[in-house]
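Lettering follows sequence order; numbering is per chain, from 1. Treat the numbers as computed from the prediction; the structure is a model and nothing was measured.
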Amino acid sequence: MSKIHVQDLNLYYSSFHALKDVSMNIEACRITSMIGPSGCGKSTLLRVFNRMNDLIDGVRIEGEVLIDGKNIFGRDILLSELRKRIGMVFQRPNPFPISIFENVAYGPRVHGLAKSKDLEGLVERCLSAVELWEVLKDKLHHSALSLSGEQQQRLCIARLLAIEPDVLLMDEPCSALDPIATAKIEELCFQLKERYTIVIVTHNMQQAARISDDVGFMLLGELVEFGQTDKIFTNPVDQRTNDYISGRFG
Amino acid sequence: MLRIFKTRETITKIQQRQISEFIIEKLIFLSGLASVLFVILIFVFLLKEGVSLFKTVSLKDFLIGKFWYPISDPPRFGVLPLLMGSLWVTLGAVLIAVPLGLGCAIFIGQIVPRSLRDYFKAGVELLAAIPSVVLGFVGLVTLVPLVRHLFHLRSGLTVLSGSLMLAFMAMPTIVSIIEDAFNAVPKSYREGSFALGATQWQTIYRVLIPAAAPGILAGVMLGMGRVIGETMAVMMITGNAAILPKSFFDPARTMTATIAAEMGEAVRGSSHYFALFAIGIVLFLITFLVNLVADFVLHRKK
């Protein structure tokens with residue numbers, strides 16, 4: 001059974017048809033990237049998985065999304081539990097304006113997961129996992145806003161790991177970062193994929209080719225093609241995919 | 001292009017434009033200057049009249065004197081009961097208005113459905129539009145008897161009544177500034193918090209309130225400034241007795257009420273007259289300080 005199963009998904013922002021009959025299967029412990037030009041709906045699709053679109057007025061969703069076989073739009077779904085399992089990293093790093101320690105401790109605190117004693121160990125483990133511990137262990141009580149962009153993005157990932165999700169959604173996580181920082185975040189993704197299912201939205205085709213196992217190409221709200229990365233990039237079935245990856249538009 | 005500059009009428013047109021530009025610029029400059037100038041003139045006048053008191057009364061007797069008997073013989077001009085009256089009423093009003101205002105701002109800005117938001121906002125703004133004397137009048141016939149009944153007092157004209165009334169008058173200021181502070185918090189903080197599975201309330205009190213803290217504090221300070229300066233309503237319902245209040249159930253008289261009530265009967269040039277101006281200086285300094293702190297807090301981050 002696939003980790004995320006999407007069947008005939010349609011999404012409307014009021015009258016705008018943003019996702020059209022999207023069907024796909026995302027497998028566990030792989031990196032799946034979604035590519036396509038701006039406005040093609042790739043971020044919208046990502047935000048379906050943790051139901052962030054609920055925050056927007058006038059959104060209507062049809063179709064089915066099953067995560068581990070469970071319908072995420074079902075009545076028995078607790079939104080906070082869903083979002084705890086399906087973590088999200090945003091385009092711009094968005095650490096809270098509180099200390100580094102409190103940023104990582106935020107998730108466990110709101111879910112009542114850890115006693116304050118265990119919290120220190122947990123913060124250390126999460127920061128180590130994103131390779132920030134050595135650099136920041138003496139600055140844990142500094143404001144998270146004092147960090148560099150890359151460090152902030154790492155911190156946001158550490159913040160997610162603290163609530164032990166099993167899916168990580170990344171919405172263009174490197175678009176605000178320089179190439180070196182991008183390489184480091186990609187490196188981190190490779191390490192994380194052993195334990196997490198990662199879905200990453202990117203407009204950077206090289207990035208998709210470098211890091212992902214599977215690729216989905218979207219255009220105007222449609223999922224044009226979905227498959228293994230090397231296959232999509234070397235031998236795409238659809239002409240539009242071919243045009244896009246060879247740089248004819250986008 | 002060149003031809004335009006050669007004709008005589010266009011040259012006069014350009015000159016006209018330059019002249020009107022010059023006049024408008026100077027007019028705007030003058031209006032800007034006027035506001036600063038008036039503040040300085042008022043302060044100088046206040047200072048000149050108020051300081052004259054200290055030719056006959058020592059500063060110490062004025063500041064820590066416990067009795068305000070301006071027309072007894074000899075008169076006594078102790079501002080302390082009036083100062084404490086103002087502070088008690090203000091403290092009470094702030095204690096009531098801040099939690100209420102914070103809750104109201106959170107409700108209007110974060111919780112109420114978008115379609116109803118404007119109605120609630122208009123309601124709060126309407127509160128600001130009620131003249132204070134009308135509020136005082138309504139308070140006198142409704143709030144005062146209520147306070148008397150509830151707490152079994154001999155009179156409902158107490159600090160508490162004044163605080164309740166003033167809390168409502170400070171609400172619009174507090175609510176609108178706090179709401180602005182919440183709106184200024186980046187949306188990404190809210191999203192980030194929700195994406196971690198936090199509930200709405202957790203997001204509000206763990207992320208939004210800390211992020212908006214300077215604005216919240218500024219709202220509180222400005223609301224406080226409004227309360228200290230308020231005169232009419234508070235004069236009508238706090239009992240107007242110039243004694244040192246010992247609890248919220250004592251009557252009191254504020255500095256503003258004293259000036260308003262006695263200025264008409266004080267003989268111009270008398271110690272009494274100067275004493276009222278001295279109160280004015282104290283009041284001015286307090287509001288100035290409050291506004292200064294609010295301003296400092298609000299702009300510290302930039």
With no hydrogens and no angle check, is any side-chain donor or acceptor of B:T254 less than 3.5 Å from a backbone partner on B:A257?
-> yes

Neighbour count above 12 (heavy atom, 6.0 Å) for B:F168 CZ = no

Could you check which of A:R51, A:M52, A:M88, A:K84 has the highest count of heavy-atom pairs closer than 4.5 Å to chain B?
-> A:M52

How would you list, in number order, the residues of residues 91-99 of chain B that have a heavy atom less than 4.5 Å from chain A?
-> none

B:F137 atom CZ, over 12 foreign heavy atoms within 6.0 Å = no

Pick from A:R92, A:R83, A:R159 with the largest number of heavy-atom pairs that fall under 4.5 Å of chain B | A:R83

Salt-bridged, B:K187 to B:E191, with N to O below 4.0 Å?
-> no

Honestly, the part of A:P165 sitting under 4.5 Å from a heavy atom of chain B is neither

Parallel, tilted or perpendicular for A:Y12 and A:H17, by the 30°/60° rule?
-> parallel

Give me the ring orientation class for B:W88 and B:F248: parallel if the planes are under 30° apart, tilted from 30 to 60°, perpendicular past 60°.
-> perpendicular

So, is the end of the B:R117 side chain (NZ or CZ) under 6.0 Å from the ring centre of B:F107 and within 45° of the ring's axis?
-> no

Among B:T203, B:V185, B:V207, which has the most heavy-atom pairs under 4.5 Å with chain A?
-> B:V207

Counting heavy-atom pairs under 4.5 angstrom with chain B, the leader among A:L82, A:I98, A:I163, A:L78 is A:I163

Engaged part of A:D57 at the chain B interface, taking heavy atoms whose separation is under 4.5 Å = side chain

Hey, is the main chain of B:N291 close enough, under 3.5 Å, to the side chain of B:D295 for a donor-acceptor pair?
-> no

Contacting region of A:L55 [heavy-atom separation from chain B under 4.5 Å] = side chain

Has the side chain of B:E230 got a donor or acceptor atom that lies under 3.5 Å from a matching backbone atom of B:V227?
-> no

